[in-house]
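Inspection log for the structure reproduced underneath, given as structure tokens.
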Amino acid sequence: GAVVSQHPSWVICKSGTSVKIECRSLDFQATTMFWYRQFPKQSLMLMATSNEGSKATYEQGVEKDKFLINHASLTLSTLTVTSAHPEDSSFYICSARTFAGGLDEQYFGPGTRLTVT
Amino acid sequence: GNSVTQMEGPVTLSEEAFLTINCTYTATGYPSLFWYVQYPGEGLQLLLKATKADDKGSNKGFEATYRKETTSFHLEKGSVQVSDSAVYFCARKNSGNTPLVFGKGTRLSVIA
């Protein structure tokens with residue numbers, strides 16, 4: 001089946017530093033990838049939609065200069081949290097969309113837990 | 001707007017009990033409806049889905065029927081197991097290149 005990986009699975013960083021999270025579709029090509037943020041005991045909040053080769057579309061209230069998204073290829077999207085602060089601590093989940101086999105499916109990565117100290 | 005409302009948890013059941021997790025959606029457009037499951041320490045996995053009214057999605061003993069008249073997509077299982085303990089998310093998706101919109105999730109704990 002389709003597999004989406006994220007790296008790292010968890011990261012601790014100091015306030016003010018930047019952190020990059022990678023999302024890869026391992027066995028399929030994804031023209032669209034989504035980045036979500038999940039707070040404890042809360043739902044997934046869509047942050048942005050990333051299309052390969054174009055700028056990401058950010059949801060209302062999400063700072064595009066703080067959460068930099070790059071979708072460099074059909075199998076890789078990255079989210080960089082710039083100048084991280086403790087309130088950015090959260091669980092970040094990516095999702096990759098594929099139309100392979102005539103289906104429209106969205107597969108999720110295992111998530112990356114970010115802790116900013 | 002597009003939203004999904006599901007019952008708040010946590011839900012605690014004994015093994016072999018009947019499970020219902022309610023989910024309703026706003027009647028905007030003709031969405032596809034989904035249930036995702038998140039086991040401890042893992043990513044979301046698609047459990048089942050339905051793409052049009054009266055469709056029934058089923059998987060691993062779980063079922064949900066797309067009810068347009070009540071804008072609902074309740075998840076049911078006749079006999080839960082300890083291994084079903086997880087967080088369950090109801091979600092909707094409009095047609096086209098649009099993202100999934102999730103409910104807040106319901107944590108299920110099944111005790112032996």
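Basis for what follows: all heavy atoms, side chains included, without hydrogens, waters or symmetry-related copies. This one's a predicted model, so the numbers in the text were calculated from it and none came from an experiment. Quick note on labels: first sequence line is chain A, next is B, and so on, each numbered from 1.
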| task | Please answer: with hydrophobic residues joined when any side-chain heavy atoms are less than 4.5 Å apart, are A/Leu114 and A/Ile69 in the same cluster? | result | yes
| task | Please look at B/Leu46 and chain A and tell me whether the side chain, the backbone, both or neither of the residue comes under 4.5 angstrom of a heavy atom of that chain. | result | side chain
| task | Tell me, yes or no, whether the heavy-atom count around B/Gln81 atom CD, taken from other residues, nucleotides or ligands under 6.0 Å, exceeds 12. | result | yes
| request: Under 4.5 Å, heavy atom to heavy atom: which of residues 45-68 of chain A reach chain B? Give them by number, or say none. | output: A/Leu46, A/Asn51
| B/Thr98 portion near chain A, given a 4.5 angstrom heavy-atom threshold | backbone
| said: Can you tell me how far apart CG (A/Leu44) and NZ (B/Lys104) are? Round to the nearest 0.5 Å. | reply: 13.0 Å
| request: Identify the residue among B/Tyr36, B/Phe34, B/Phe89 that makes a ring pair (Phe, Tyr, Trp, His ring centres under 6.0 Å) with A/Phe108. | output: B/Tyr36
| request: Below 4.5 Å from any heavy atom of chain B, which atoms of A/Arg97 appear? Answer side chain, backbone, both or neither. | output: side chain
| message | Grouping I, L, V, M, F, W and Y whenever their side-chain heavy atoms are under 4.5 Å apart, do B/Ile21 and B/Tyr39 come out in a common cluster? | response | yes
| request: State yes or no: do B/Met7 and B/Phe102 share one hydrophobic cluster built from I, L, V, M, F, W and Y residues joined by side-chain heavy-atom distances below 4.5 Å, directly or via other members? | output: no
| remark: A/Glu105 meets the salt bridge (Lys or Arg N to Asp or Glu O under 4.0 Å) criterion, sequence neighbours left out, with B/Lys49
| request: Consider only side-chain heavy atoms of I, L, V, M, F, W and Y, link residues closer than 4.5 Å, and tell whether B/Leu75 and B/Val101 are in one cluster. | output: no
| Contacting moiety of B/Gln45, where chain A heavy atoms sit under 4.5 Å | neither
| Within 6.0 angstrom of A/His85 NE2, more than 12 heavy atoms from elsewhere | yes
| message | Could you see if A/Leu76 belongs to whatever hydrophobic cluster contains A/Val81? Use Ile, Leu, Val, Met, Phe, Trp, Tyr and a side-chain cutoff under 4.5 Å. | response | no
| task | Check the pair A/Tyr36, B/Leu100 against side chain to side chain contact (heavy atoms under 4.5 Å, CB included), reporting the backbone distance first and the verdict last. | result | CA-CA 10 Å; A/Tyr36 293 85; B/Leu100 287 160; 3.8 Å; yes
| message | Among A/Arg113, A/Gln38, A/Gln6, which residue has the highest count of heavy-atom pairs closer than 4.5 Å to chain B? | response | A/Gln38
